[in-house]
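In what follows, a single structure is set out as structure tokens and then discussed.
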Amino acid sequence: MSARRRVFPSSRPCTAATGCCTTDRASALAAARNDVSNDVNKALQRAFEELADGLDLLGESSFRSASHRRVARAIGDLTAPIDQLGDDPAQLRARLEAIPGIGEGATRRILEFVEHGEIADHVEILERVPGGLFQLLQVPGLGPKAVRTLWQELGVQGVDDLRRELDSGRVESLPRMGRKTVQNLRSALEFLTRTRDRLPVALAMPLALDLRDGLRSVEPEARVEIAGSLRRGVETIGDLDLVAAHHDPAARRRLAEAFVNDGRVTDVLASGERKCSVRLSAGGHAIQADLRLGEPAAFGAALHYFTGSKEHNVLMRQIAIGFGRRLNEYGLFEGDEPRPQDHGGTPLAGAEEAELYDALGLPFIPAELREEAFDPARVGLEALRDLLARLIDEDQIVADLHTHSTASDGRHSLEELVAIARRRGLAVLAVTDHSRSSVLAGGLEIDALREHVAAIRELAAGLDDLVLLAGAEVDILPDGSLDYPDEVLAELDVVVASPHVSLSQDRATATRRLLAAIRNPHVHILGHPTGRIVGRRRGLQPDIDALCAAASEHGTALELNANPRRLDLDDAALRRAVEVGCLVAIDTDAHSDAQFGYLSYGVRTARRAGLPADSCVNTWEPERLRDWLADKSVGARGR
DNA sequence: GCCGTTTTCGGCCCGACTGTTTTCAGTCG
Ligand SMILES: Nc1nc2c(ncn2[C@H]2C[C@H](O)[C@@H](COP(=O)(O)OP(=O)(O)OP(=O)(O)O)O2)c(=O)[nH]1
Ligand SMILES: [Mg+2]
Ligand SMILES: [Mg+2]
Ligand SMILES: [Zn+2]
């Protein structure tokens, strides 16, 4: 995945690079330990990225910079502040070195950062390389070689300098730079002013589905699929990736034509026989889209390549090499000859993805798990097979335990909800309207709640094909107390407890607040635990391990709110939950019929965490679910 | 810089497209 960052307006957080924050970094670090923003990891990740970029700009070994970049990624994947990985320096050192990609050097640098708030090598890079060059590397089309030339030859130190030099005409005189390069750089700079960071999946997916369906209607015989981070179920999307296959080259050309001539296209970046790249502007968002074209006989290989992740691709290709074979987007081939597809080589596999895994002696790894964290060599082949056998699937989900009706802010009446649940094949539906503190969402006072519950129960009594449960989504107030007293909660079939306000609390306060809800014997599900909105609001940053431990102890389920704007808990936090083995509830939080369709986003996120179906209460038979709802301690670990 | 049931040294994935190039470097996926 590209690590595209926002370039305009300049919003880089305070780091050594920006030089805007000269206060004692060690004390800033101490504050960050209890900071909601988990800035220790962010700052370290940035330091390693700049180390990598700096080496590239200085023309050093690209393998070394790639290593630094891998360390940066590993730090970004952590779910807790890095200095809290161990209780003492020795343990911290051991835990760090155990992380793949983090070796002796990175461990030394991380410990140096934790102790002194900076890394000498990083500081040295910052002294040698102007800080604005890191931003320049984010400009599409500008790599380390070009940035270095601009810097050395024209003294360009940042984006503003580049803009000026483009107008001055001097860029054209540089080696390997001409008129078109200048024009392309102008477009790229303009694109960056219109683009935000990575696009939340909730915005990207509808756009990608529309592109996919458009291509399908151009060539109904073609196989067209969404690939890339969208297919892997990532919560934010760098660009839209599509794969299309058709046996007829003329049909492939027509697909490419349609793609680059779409009304939303602002720039055509590349338009070849096998791939096209465009920039789109749609719904106020600017984003790149890539289309990969090929033969149906190689569709599996192409889809696999374009689905990624990059790390997974490299891994598979390395495994192929180990077998004396070669894997690329055209298939798996015998031997180590480059471009075997051009030399009449017949692929051993390639029409379907599954063939590739078969031929390499691997179990089929679904797209959501094609990430570094699930590297078979890391997880172990046996453990991986076990994980895959237990992995949750959307069709195993038979219950939705968090939905809203017109009693609060939902769009549908109870009767309508029942009809929707039946049509969608649910066995269990819980109606969980808001509690009294959520005034804007039409939260119910206690009397209104009791009437509502009575209405639900009356309706439920007449149903034989659907278990209709009376519940509530009760606010977790800032101090951890709940918005209804215990005796009211005890009257409900299902209690989802969720934070809705005070979502900027510090880590310790947030953790205490959520722990209180988890420990309440009436609370079944901790709803959207952090309250984050993807790409918009960070929400609470609690100690996830502490939540998981408590949830596990009390039999409380942690929610994976399937609304793609939320996806809360996120994949990284859920991986912790899966490790601990606590219960998880995947609920849509639907306020309308269409929002029941959010389930697929939730399941993809759950699969990214390797969630076993059995840990997900929504897969349980109604009888088992009822037992747990009656006394959640039956779900406690060790019982 | 990192890593190892083919290695503790010597590798590190593989290919498309563009622009500027007389034969390919750079960037990107
Ligand atoms: N073998 C190989 N495949 C790559 C490489 N870079 C990208 N790919 C493949 C895997 C990616 O998932 C796929 C699409 O590339 P993208 O840059 O769009 O990445 P992705 O969609 O994973 O993340 P994104 O959200 O777009 O940042 O192309 C690479 O360097 N080598
Ligand atoms: Mg992508
Ligand atoms: Mg892409
Ligand atoms: Zn809510």
Side-chain angles (χ1 to χ4, degrees), chain A residues 1-4 48 51-52 55-56 59-72 74 97 99-109 121 137-149 172-185 188 227-229 238-243 256 260 267-278 288-294 298 301-302 304-333 336-342 375 377-378 380-381:
Chain A
M1 295 208 295
S2 62
R4 176 149 59 90
F48 275 95
L51 213 42
L55 291 181
D56 283 342
E60 307 272 333
S61 151
S62 62
F63 294 114
R64 281 175 66 211
S65 61
S67 287
H68 289 310
R69 221 163 259 124
R70 188 174 177 202
V71 173
E97 289 208 8
I99 298 172
I102 296 186
E104 235 182 86
T107 300
R108 174 178 59 71
R109 291 185 176 91
D121 295 342
L137 285 172
Q138 304 296 315
V139 176
L142 280 187
K145 294 286 174 16
V147 170
R148 183 182 162 88
T149 304
E172 263 182 61
S173 63
L174 295 176
R176 307 201 61 81
M177 303 235 187
R179 253 204 172 75
K180 287 198 168 167
T181 306
V182 168
Q183 191 45 50
N184 289 342
L185 286 175
S229 48
D239 68 358
L240 313 177
D241 301 297
L242 294 139
V243 183
V260 302
D267 308 83
V268 177
L269 302 172
S271 179
E273 212 177 322
R274 315 231 81 103
K275 77 182 241 200
C276 301
S277 238
V278 298
Q288 182 174 327
D290 298 330
L291 172 65
R292 187 86 205 181
L293 297 154
H304 183 265
Y305 152 70
F306 221 33
T307 296
S309 63
K310 175 190 169 187
E311 291 72 28
H312 183 76
N313 288 352
V314 170
L315 179 93
M316 294 274 288
R317 288 168 185 212
Q318 282 167 335
I319 292 172
I321 291 169
F323 281 106
R325 296 173 174 173
R326 191 179 186 93
L327 176 62
N328 61 27
E329 59 265 51
Y330 300 97
L332 177 68
F333 300 85
D336 62 356
E337 181 193 25
R339 310 185 55 81
Q341 67 277 8
D342 292 346
D375 175 347
R378 196 191 289 200
L381 214 48

With the six-membered base ring of B:dC2 as reference, does the ring of A:Phe63 sit under 5.5 Å away with planes under 30° apart?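 So no, this residue does not stack on that base, at least one cut-off failing.
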Given DNA chain B, 5'-ward residue of the pair A:Arg339 and A:Asn184, judged by closest heavy atom: A:Arg339
A:Leu137 or A:Pro100: which one's nearest nucleotide on DNA chain B is closer to the 5' end?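 Between the two, 5'-proximity favours A:Pro100.
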Apply side-chain hydrogen bond (donor to acceptor under 3.5 Å, both in side chains) to [X] and list each qualifying residue two or more places apart in sequence or on a separate chain.
X	answer
A:Arg108	none
A:Asp375	none
A:Thr307	A:Arg231

What pair of heavy atoms forms the shortest contact from A:Ala256 to A:Cys276, and how long is it? CB-SG, 3.6 Å
Which part of the nucleic acid, if any, lies within contact of A:Ser61, taking any heavy atom under 4.0 Å across all strands shown: a base, the sugar-phosphate backbone alone, or nothing? nothing
Taking only Lys NZ, Arg NE, NH1 and NH2, and the carboxylate oxygens of Asp or Glu, determine whether [X] and [Y] approach each other closer than 4.0 Å.
X	Y	answer
A:Glu60	A:Arg148	no
A:Glu337	A:Arg326	no
A:Arg109	A:Asp121	yes

C1' gap between B:dT20 and B:dT27, integer Å: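 Approximately 14 Å lies between the C1' atom of B:dT20 and that of B:dT27.
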At under 4.0 Å, does any side-chain N or O of [X] touch on OP1 or OP2 of [N]?
X	N	value
A:Arg109	B:dG1	yes
A:Ser65	B:dG1	no
A:Arg108	B:dG1	no

Tell me which residues in residues 312-322 of chain A lie within less than 4.0 Å of DNA chain B, going by non-hydrogen atoms. A:Val314, A:Arg317, A:Gln318, A:Ile321
Among B:dT27, B:dT21, B:dG29, the one nearest A:Tyr305 by side-chain distance: B:dG29
What pairs of nitrogen or oxygen atoms, one from the protein and one from nucleotides 9-11 of chain B, lie under 3.5 Å apart?
none

For A:Arg69, salt bridge (charged side-chain N to carboxylate O under 4.0 Å, His left out) partners two or more places apart: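 Applying salt bridge (charged side-chain N to carboxylate O under 4.0 Å, His left out) to A:Arg69 gives A:Asp53, A:Asp56.
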Would you say A:Glu104 has more than 12 foreign heavy atoms packed within less than 6.0 Å of its CD?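 No, not enclosed.
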